[in-house]
Structures are given as C-alpha cells and as structure tokens.
Amino acid sequence: MKKLNRTHMCGHLNQNHVGKKVTIMGWVQRRRDLGGLIFIDLRDREGIVQVVFDAKKCGKYFDDAEKLRNEYVIAIKGDVVERAQETVNTKISTGYIEVVARELDILSTSQTPPFMIEDNTKVSDAVRLKYRYLDLRRPKMQQNLILRHNVCKWIREFLDEKGFLEIETPMLTKSTPEGARDYLVPSRIHPGAFYALPQSPQLFKQLLMLSGYDRYYQIARCFRDEDLRADRQPEFTQIDIEMSFIDVDDIIDLNERMLAKIFKNALDIDIELPLPRMTYKEAMDRYGSDKPDTRFGLELKDVSDIVKNSDFKVFTNAIEKGGSVRAINAKGCGASFSRREIDGLVDYVKDYGAKGLAWIIVEEEGLKSPITKFFNVDCLDALLENLNGEPGDLLLFVADKDEIVFHALGELRLELGRRLGLMNDSQYNLLWVTEFPLFEYSEEEKRYVAKHHPFTSPMEEDIDYLETEPKRVRSKAYDIVLNGIEIGGGSIRIHDSKLQERMFKALGFTEEQAWERFGFLLKAFQYGVPPHGGIAYGLDRLVMLLAGEDSIREVIAFPKVQNASDLMTEAPSPVDQKQLKELHIKLDI
RNA sequence: GGCCCGGUAGUUCAGUUGGUUAGAACGCUAGCCUGUCACGCUAGAGGCCGAGGGUUCGAGUCCCUUCCGGGUCGCCA
C-alpha cells in the first residue's frame with residue numbers, strides 16, 4: 001500500500017465531513033470485534049473517532065484489522081458516514097459519524113500497556129510516572145498540558161502588548177547564601193568551584209532594569225533543593241516580571257488585568273477588578289495565614305483581653321510572655337462533633353506546634369468544657385458575646401506565642417473548612433496580601449532574615465525603624481493568593497545603594513560579606529538605578545488551579561517524586577569515575 | 001531529620017484469632033459472534049504476597065531491619 005497522508009485529526013471529524021474521503025492516523029483506543037464486523041476507537045490529540053471494518057468494504061485489510069490491539073499506531077483511509085439514529089454515541093463529540101475503513105496501514109504495534117489509556121483509569125502515581133509517556137497519552141493529561149501552553153501564550157500576548165521584553169538569564173550562575181538550598185554544578189575548568197542553578201532570576205532581572213530595558217519578563221525554570229510537596233517540585237517554572245519607574249499600585253494594576261485575562265480565557269470567568277487587598281496583619285489576625293482562603297468564614301478572634309485576668313494559667317502565662325489567646329467559633333460543631341472528633345482536632349493542632357487546644361461546647365443548658373471552671377461568669381459571658389457563641393457551637397482556643405497561635409488556628413480553620421465542606425470548588429477568590437514584614441527572626445540563625453528577599457524595599461514610613469526596631473518594619477512586598485494558595489509574589493526593590501547597605505547591615509552582614517556575596521549587584525547599583533519592582537508567579541501552581549488538579553505533577557510533563565528522583569529515567573544516578581575525575585570530585589559516602 | 005499510611009496477578013484491591021492448593025474485578029490469550037461503543041458468550045494463562053532476617057510445628061498474616069510509593073511537620077529568601 002502506498003504511503004498515506006493524513007487529512008484530518010480524529011477528534012475534529014463531525015457531520016460536516018459526511019461523504020468525504022479522509023485519512024486519519026492515531027492510536028487504537030479499543031477494539032470491539034463482532035466477528036464479521038470490527039469497530040476500532042481511534043485516538044489522537046484532538047479526540048476519538050469510531051472506525052468500522054466490514055470485509056465487504058475493506059476487503060483484504062479485514063485480516064489486518066483482526067490483528068489490531070490497544071495502542072497500535074495505524075493509518076486509516078475511509079469514508080465519513082452519518083451514523084444511523086439508533087447507533088449515535090452522544091458521549092463523544094464525533095459520535096454522530098463514523099469512518100468506514102477502505103484501507104488500513106499498521107504503522108507500529110504495541111505491547112499490552114501496563115494500564116488502560118483513559119481518564120478514569122485507576123492506577124498508582126508510581127506506575128503512572130514510571131510509564132509517563134503512556135500516562136501523557138491520557139486525554140486529561142493532554143488537556144492539562146495544552147492549557148499550560150495556552151496560559152503561557154496568553155501571558156506572552158498580554159505582556160508583549162504592554163511593552164515587555166522576554167529576555168533569558170543564565171542557568172549556570174553564582175550561589176547566593178540567603179534562601180533555599182542551591183543545586184550546585186561543579187566546574188571542570190575551575191577545580192573546587194561551583195555554579196549554582198538559579199533559585200529565581202532575581203538579581204539578573206534587577207540588573208536588566210538598571211540596564212534600561214524598562215520592562216522584562218521570562219518564563220523561567222527555577223531550582224530549589226528542598227523537600228517536595230504536592231505543590232512543590234525541585235525544578236519549577238516562574239513567570240518572572242520586572243518593571244521600572246513604578247510603585248506598588250502599578251504592578252498590582254497590571255497583574256490583575258493579566259490574571260483577569262487568564263481567567264476569562266481559561267475558565268470563562270469574569271474577575272471583578274480591582275481585586276480585594278488585605279494587609280499581612282489583617283490576614284494573620286483574621287485567618288491566621290498570610291495566604292488566606294476567603295471562600296469561607298470561621299475567622300479567628302483575639303480574646304486575650306477577656307481572659308488575661310482568669311485563673312487559667314495556660315492562657316495567662318501565654319499572654320504574660322507576650323503571646324496571645326485566640327479562638328475560632330466552629331458554628332454548629334458543638335452539636336455535631338463527637339468527643340472523639342474533638343480530640344482529633346486537639347491532635348491536629350499539635351502538629352503545628354500548639355501544646356493544646358481548649359474547647360467549650362455551647363448548649364441550651366449552659367457550657368460544657370474542661371476549662372470553664374477557671375473563668376468567672378462575666379468572663380464567660382464576654383467570651384460568648386465576643387465569639388457570637390450560640391447553642392450548638394464549638395469554641396476552640398489556642399494560647400501561645402502569636403506565631404504558633406496563628407499557625408495552629410490557621411491550619412485548624414482550613415481543616416474545619418474541609419470537614420464542613422465549606423470550600424466551593426467553582427469559586428475563585430483572588431486576593432492581594434500587602435505590607436508584609438520586611439524581616440522575620442530566625443531561631444536557627446539567631447538573627448533577622450529577609451522575609452521576601454534582601455532587595456525588598458521597606459515602606460517609607462518605616463525606614464527609620466530599620467536599625468532600632470526591625471520587627472515592625474513593613475515592606476513593599478505583596479503576594480497574590482488564590483483560594484488559600486500563594487500563586488505569586490513580589491516587591492518594589494531597593495534602588496538606593498545607601499538603603500541597600502543599611503538593609504544588609506540589619507541582616508547582620510558585614511560590609512565585606514555583603515560585597516563578597518552580592519558585589520556585582522552593589523557595584524552595578526553605583527551607576528544609576530531606576531526605581532523598579534516586579535513579581536513572580538508559580539506557573540505550575542497557577543495552571544494546577546486552573547485545571548482543577550490538586551498536584552502540580554498533573555501539569556508538568558515529566559515531574560519528580562517525593563525523594564526528588566525521576567521514576568522513568570531513574571535520575572539521579574551514579575556517574576563514571578572518569579566524569580568525577582574531570583570535575584575534581586572524590587566521593588565521601 | 002521526625003511522624004503517619006501503604007506495598008499481594010499486568011492494574012486496582014480483598015485475604016478471618018497465624019492453619020490445606022492465595023482470591024475478585026478489569027486487563028491479557030484463544031475460539032464464536034455483522035451495529036458495537038465499558039460489546040457479548042465460552043475456555044484459558046498469569047503470583048518469590050517489595051527484599052532480608054527472626055519467632056513458630058506452620059507466616060501474605062506476628063517481630064526487627066531495609067528498600068520503594070504517598071501524606072505531613074521541619075525546610076521552601
């Protein structure tokens with residue numbers, strides 16, 4: 001048989017093609033052999049179409065059709081015919097027609113695959129990832145990667161219209177001390193020296209602003225050698241953006257327009273602009289999180305003032321040490337939760353560092369709780385009023401350092417939201433969180449470290465506290481949050497070298513250390529720097545949320561598993577002694 | 001690095017207080033079948049129960065070690 005040329009994609013065929021001779025190619029999804037009649041579901045990227053083999057129509061090719069098995073790659077030449085009314089399949093877009101085969105060419109055979117190539121196939125992640133090339137044939141995976149492609153395309157279109165230039169920055173670069181653990185690449189030419197793979201293009205994009213490129217973006221691969229999670233891979237993709245001569249509002253305005261375009265195109269959802277904004281402080285006070293899920297209530301309340309004079313030492317001690325007592329009213333859970341479930345919540349908060357979880361059940365007859373005996377009637381009344389406690393409610397309290405109270409109650413709130421089914425999957429709450437603290441204290445290093453990064457600008461009104469009260473300095477940093485997940489974050493940068501020096505000093509760097517680590521940047525900053533700032537999105541997370549998936553693996557073609565290995569290629573793997581010798585490396589394992 | 005869950009046929013799973021020859025479904029193979037679309041019917045193949053060690057008359061089942069996968073805390077400027 002002479003070589004066939006494809007005329008159509010399987011999934012594109014419809015009633016408009018009835019009567020046409022077509023040549024289609026693809027993978028055998030399924031064979032239904034009725035003896036004298038064989039049906040083949042043929043699959044390509046665009047969908048599935050039914051092919052019919054009838055010996056009267058395809059003659060000698062019928063014998064070949066009998067040999068077909070799942071995942072064989074074939075070419076079919078045939079006629080598109082309308083199906084009889086009673087044989088229409090409304091489950092597929094091509095279900096009103098079928099292709100009556102005239103010729104068949106088996107282009108490639110296949111072993112029986114370890115799992116069926118279909119969306120609802122039940123198979124473990126380990127098997128899927130070992131045979132990722134087969135997993136990627138599943139329509140859902142193909143749709144996810146097509147969505148990812150489209151999101152990138154829309155972003156490029158949008159930023160191009162706004163005058164942004166896409167510029168590449170190095171993958172082999174210099175290790176910087178702050179932040180995550182670096183992936184290192186040994187230098188052959190410089191024995192004992194290493195490149196680092198970029199954690200982000202941060203310093204390069206700032207230098208591009210200094211160089212006058214005004215508006216930059218890049219869809220950039222980034223690397224961080226830290227433990228994996230469902231939403232974290234060691235290599236991931238950032239949409240990295242930087243602009244000159246702007247302030248916070250300019251960046252927020254541009255980015256929410258871009259997000260609105262993405263949501264409109266991807267989900268046909270009209271995002272109302274401007275997006276809500278919330279300060280970091282308000283987010284922590286109300287939700288115990290700097291990335292609040294605002295789809296439901298169950299907000300935190302500070303009850304420190306009410307309980308500070310009680311006899312309950314757990315509460316009063318926490319307050320005396322500078323901490324707080326905060327509470328959530330789990331509406332209706334006093335009536336619906338068993339004692340066992342409440343004990344489960346107590347265990348739950350312990351994972352987040354809380355030493356315990358105090359609870360009060362509000363009933364018609366009064367309060368049920370192990371701790372009410374420590375409080376007088378006025379105090380209990382005040383608690384009920386403050387927390388809007390009504391019969392059937394469950395009041396939950398954590399007392400500790402603020403940091404722990406927020407973490408424990410913030411996570412407890414999310415857990416309650418999940419248990420009570422309060423998270424609406426079809427709701428997309430976008431929110432800016434602003435005015436992040438410039439520093440956070442590192443117990444491990446016994447010093448202040450940059451919460452965002454060391455180049456983040458403080459807010460003008462707080463600059464005077466840089467040396468005296470670093471804890472209270474707020475920054476021009478902002479995060480964009482979607483349903484409780486941080487999808488992006490950025491800041492206005494420091495463009496004044498004097499201020500940058502003060503910043504490094506506050507971080508505990510000597511001048512020598514600062515120059516050793518960031519000398520090229522400090523040097524550059526002596527040559528005229530425009531005010532500038534930017535943002536970076538986690539593309540994987542954004543696409544994951546748009547695709548309705550719960551792991552970024554579902555939107556990455558070849559992801560890694562929890563121990564950072566690739567089950568398909570089996571990377572990482574040992575290398576030859578010769579390679580190590582060239583790199584001047586001796587193993588110590 | 002800590003904690004939790006899991007590992008039995010190609011796949012997803014069941015497997016009683018430790019007790020004959022380890023099961024099911026789907027998939028696979030062969031035969032029959034001209035309107036199926038999760039085709040149907042008949043027959044069949046397929047297992048080092050993750051690996052190693054221990055307890056026991058006897059281990060898929062109990063204990064220890066280890067490997068693998070998942071979740072999570074720490075970590076992730």
Side-chain angles (χ1 to χ4, degrees), chain A residues 29-42 48-57 62 66 69-71 81 83-92 94-95 98 100 111-118 120-131 134 176-182 199-200 202-203 222-234 236 347-354 407-408 411 415 436-440 442-445 448-456 475 477 486 489-491 503 507 536 538 550-551 553 560-563 565 567 570:
Chain A
Q29 175 69 26
R30 205 182 281 276
R31 180 185 58 124
R32 288 179 294 280
D33 184 347
L34 276 62
L37 196 64
I38 298 171
F39 295 97
I40 295 290
D41 290 338
L42 194 63
I48 287 176
V49 69
Q50 175 164 278
V51 177
V52 196
F53 287 93
D54 184 332
K56 284 180 227 146
K57 307 271 178 61
F62 194 82
E66 284 183 319
R69 294 294 182 272
N70 287 352
E71 301 309 313
V81 301
R83 293 203 202 182
Q85 189 109 47
E86 63 275 13
T87 62
V88 163
N89 181 357
T90 52
K91 284 184 234 163
I92 55 176
T94 60
E98 62 194 3
V100 176
Q111 294 195 353
T112 302
F115 51 89
M116 291 289 284
I117 311 301
E118 54 194 14
N120 52 4
T121 189
K122 278 215 155 200
V123 59
S124 71
D125 283 359
V127 176
R128 287 178 57 196
L129 290 171
K130 182 174 176 188
Y131 299 95
L134 298 180
T176 52
E178 299 279 283
R181 193 177 294 111
D182 283 321
Q199 294 182 27
S200 84
Q202 183 60 37
L203 300 180
C222 303
F223 304 86
R224 294 179 189 175
D225 186 4
E226 300 289 351
D227 286 351
L228 286 78
R229 289 284 189 282
D231 63 354
R232 263 165 39 194
Q233 286 270 312
F236 61 100
D347 287 338
Y348 188 80
V349 297
K350 285 180 179 168
D351 286 346
Y352 301 96
H407 195 196
E411 292 294 337
E415 175 66 9
F436 273 76
L438 188 61
F439 302 103
E440 63 187 341
S442 164
E443 293 290 349
E444 194 187 331
E445 298 187 48
Y448 283 98
V449 297
K451 184 153 178 79
H452 187 53
H453 58 55
F455 317 103
T456 301
S475 69
E486 179 200 330
S491 64
M503 179 72 184
L507 290 170
D550 53 15
S551 167
R553 285 180 187 180
K560 293 176 176 58
V561 296
Q562 192 163 276
N563 65 11
S565 63
L567 296 179
E570 296 182 316

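Throughout, a chain's letter reflects where its sequence line sits, starting with A, and its residues are numbered from 1.
The gap from the C1' atom of rC48(B) to that of rG60(B) amounts to 12 Å, rounded to the nearest Å. rU12(B) and rA51(B) have their C1' atoms separated by 23 Å, given to the nearest Å. Comparing rC28(B) with rA9(B), their C1' atoms are spaced 11 Å from each other, to the whole Å. Only the C1' atoms considered, rC57(B) is 44 Å distant from rG1(B), to the nearest whole Å. rA45(B) sits 15 Å from rA25(B) when the P atoms are compared, rounded to a whole Å. Rounded to the nearest Å, the gap between the P atom of rG58(B) and that of rU20(B) is 15 Å. Between rC68(B) and rG74(B), the distance separating the two C1' atoms is 23 Å to the nearest Å. Look at the P atom in both rG46(B) and rC5(B): the space between them is 36 Å, to the nearest Å.
The local environment of OH in Tyr131(A) is sparse, with at most 12 non-hydrogen atoms from other residues, nucleotides or ligands closer than 6.0 Å. Around the NZ atom of Lys130(A), the shell of radius 6.0 Å holds no more than 12 heavy atoms that belong to other residues, nucleotides or ligands.
For Asp227(A), whose side chain is taken as the heavy atoms from C-beta onward, the closest listed nucleotide among rG35(B), rU11(B), rG1(B) is rG1(B). Looking at the side chain of Gln50(A), the nearest of the listed nucleotides rC75(B), rU34(B), rC37(B) is rC37(B). Side chain of His407(A), nearest nucleotide from rG35(B), rU12(B), rG74(B): rG74(B). In this structure, the nucleotide among rU36(B), rU11(B), rC73(B) sitting nearest to the side chain of Val127(A) is rU11(B).
Per the geometry, NZ belonging to Lys122(A) stands 16 Å off C1' belonging to rA38(B), to the nearest Å. The CG-P distance, from Asp41(A) to rG35(B), rounds to 17 Å in whole Å. Atom NZ in Lys130(A) sits roughly 9 Å away from atom P in rU11(B) (whole-Å rounding). We find that NZ of Lys451(A) is positioned 14 Å from C1' of rC75(B), with the value rounded to whole Å. Here rC76(B) presents its C1' atom at 9 Å from CZ of Arg181(A), a figure rounded to the nearest Å. Following rounding to the nearest Å, Glu86(A) (CD) and rU34(B) (P) show an atom-to-atom distance of 18 Å. Between the CD atom of Glu411(A) and the C1' atom of rG71(B) there is a distance of 14 Å, given to the nearest Å. Spacing between atom CG of Asp347(A) and atom P of rC73(B) amounts to 15 Å, rounded to whole angstrom units.
Looking at heavy-atom distances under 4.0 Å, Ser200(A) makes contact with a base. Among the atoms of the strands shown, none is found under 4.0 Å from any heavy atom of Ile92(A). As judged by a 4.0 angstrom heavy-atom cut-off over every strand, Ser565(A) is placed among residues touching the sugar-phosphate backbone only. Among the atoms of the strands shown, none is found under 4.0 Å from any heavy atom of Val449(A). Here Lys350(A) lies out of heavy-atom contact (under 4.0 Å) with every strand.
Across the strands present, rC26(B) finds its partner in rG10(B); the criterion is a Watson-Crick or G-U wobble pair with both atom distances under 3.5 angstrom. Pair check for rG52(B) finds rC64(B); Watson-Crick or G-U wobble, both atom distances under 3.5 Å. Pairing of rG35(B), defined by two Watson-Crick or G-U wobble distances under 3.5 Å, is not identified with any nucleotide. Nucleotide rG69(B) forms a pair with rC5(B), judged by Watson-Crick or G-U wobble geometry with both contacts under 3.5 Å. When Watson-Crick and G-U wobble pairs are counted only if both distances are under 3.5 Å, rA59(B) pairs with no nucleotide at all.
The 5' end of RNA chain B is approached more closely, in terms of each residue's nearest nucleotide, by Arg553(A) than by the other of Arg553(A) and Arg232(A). Nearest-nucleotide positions on RNA chain B place Lys57(A) closer to the 5' end than the other of Gln562(A) and Lys57(A).
Under a 3.5 Å cut-off, the side chain of Gln29(A) and the backbone N or O of Ile117(A) do form a donor-acceptor pair.
Between Glu98(A) and the choices Thr87(A), Val52(A), Ile40(A), Val88(A), the side-chain contact (heavy atoms from CB on, under 4.5 Å) rule is met once, by Val52(A).
Put simply, Asn563(A) has a side-chain N or O that comes within less than 4.0 Å of OP1 or OP2 on rG69(B). Close to rU12(B), at under 4.0 Å from its OP1 or OP2, lies a side-chain N or O of Ser124(A). The side chain of His453(A) places no N or O atom within less than 4.0 Å of a non-bridging phosphate oxygen (OP1 or OP2) of rC76(B). Taking only side-chain nitrogens and oxygens, Arg32(A) never comes nearer than 4.0 Å to OP1 or OP2 of rU36(B).
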All N/O pairs under 3.5 Å across the protein-nucleotides 26-32 of chain B interface:
residue	atom	partner	partner atom	Å
rC28(B)	OP1	Asn70(A)	ND2	3.4
rU29(B)	OP1	Arg69(A)	NE	2.9
rA30(B)	OP2	Arg69(A)	NH2	3.0

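Contact annotation: side chain of Arg128(A) to base of rG70(B), donor-acceptor pair absent below 3.5 Å. A donor-acceptor contact under 3.5 Å is not formed by the side chain of Glu443(A) with the base of rG74(B). In terms of polar N and O atoms assigned as donor or acceptor, the side chain of Arg224(A) never comes within less than 3.5 Å of the base of rC75(B) in a complementary pairing.
Here the closest non-hydrogen pair linking Leu37(A) and Phe62(A) is N-CZ, 4.1 Å.
Stacking annotation: Phe115(A) is not stacked on the base of rU11(B) (requires ring centroids less than 5.5 angstrom apart and an interplanar angle below 30 degrees).
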* Steps toward side chain to side chain contact (heavy atoms under 4.5 Å, CB included) verdict (Arg83(A), Asn89(A)) -> CA-CA 9 Å; Arg83(A) 293 203 202 182; Asn89(A) 181 357; 3.6 Å; yes

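For the pair Phe455(A)/Leu203(A), a side-chain contact is recorded, criterion being any heavy-atom separation below 4.5 Å from C-beta on. Residues Glu66(A) and Ile38(A) meet the side-chain proximity criterion, which asks for heavy atoms closer than 4.5 Å. Looking only at side-chain heavy atoms (C-beta outward), Arg224(A) and Arg232(A) stay at 4.5 Å or farther from each other. Counting heavy atoms from C-beta on, the side chains of Arg553(A) and Gln233(A) come closer than 4.5 Å.
With respect to the salt-bridge test (charged N to carboxylate O, under 4.0 angstrom), the residues Arg32(A) and Asp41(A) qualify.
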